[in-house]
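Since the model is a prediction, treat every value here as computed from it, not as a measurement.
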Amino acid sequence: MSPILAIDDDRNVIKILEQQIQNMGYRMISAMNGQEGLEMARSGNPDLILLDIMMPHMDGFEVIKRLRMDDLTKSIPILMVTSKTAKDDVIK
């Protein structure tokens, strides 16, 4: 079984996600920024990506755009992990 990839710049969020995912019997790999996340998505062959929206240098929306343009990563399901609640952000 391939891992779940979590991309988030907050180490505490990564630790919480990892604990929960491991408790469910899955393996998790993580990246602390968008660029690293893109590289991990290409090399780690994840079954799912948990992606934060608010990250420095490259936000989650840009990460999604780049993942969808890449033949190796375009079909990986993505769940957004965010505290954003503004209607425009939810629609985007």
Distance check, rounded to the nearest 0.5 Å: [X] atom [atom1] versus [Y] atom [atom2]?
X	Y	atom1	atom2	value
Gln35	Met40	CD	CE	13.0 Å
Ile29	Ser43	CD1	OG	6.5 Å
Gln19	Ile14	CD	CD1	13.5 Å
Ile53	Asp8	CD1	CG	11.0 Å
Arg66	Glu62	CZ	CD	4.5 Å
Glu39	Glu36	CD	CD	7.0 Å

Tell me, do [X] and [Y] make a side-chain contact under 4.5 Å, heavy atoms counted?
X	Y	value
Asp52	Ile7	no
Met28	Gln22	no
Ile78	Ile64	yes

If you take all heavy atoms of [X] and [Y], which pair is closest and at what distance?
X	Y	answer
Arg68	Ser75	NH1-N, 4.1 Å
Leu72	Ile76	O-CD1, 4.3 Å
Leu17	Ala6	CD1-CB, 4.1 Å
Ala41	Leu67	CB-CD2, 3.6 Å

Shared ILVMFWY cluster between [X] and [Y], side chains joined below 4.5 angstrom?
X	Y	result
Val13	Met24	yes
Met54	Val63	yes
Ile4	Leu79	yes

**Request:** Apply the test side-chain contact (heavy atoms from CB on, under 4.5 Å) to residues Asn33 and Asp9: give CA-CA distance (whole Å), side-chain angles for both, the deciding distance (0.1 Å), then the verdict.
**Result:** CA-CA 6 Å; Asn33 61 61; Asp9 63 322; 5.8 Å; no
**Request:** Report the C-alpha separation of Arg42 and Thr73 in whole Å, then their side-chain angles, then the decisive distance to 0.1 Å, and conclude whether the side-chain contact (heavy atoms from CB on, under 4.5 Å) test is met.
**Result:** CA-CA 6 Å; Arg42 288 184 57 81; Thr73 60; 4.0 Å; yes
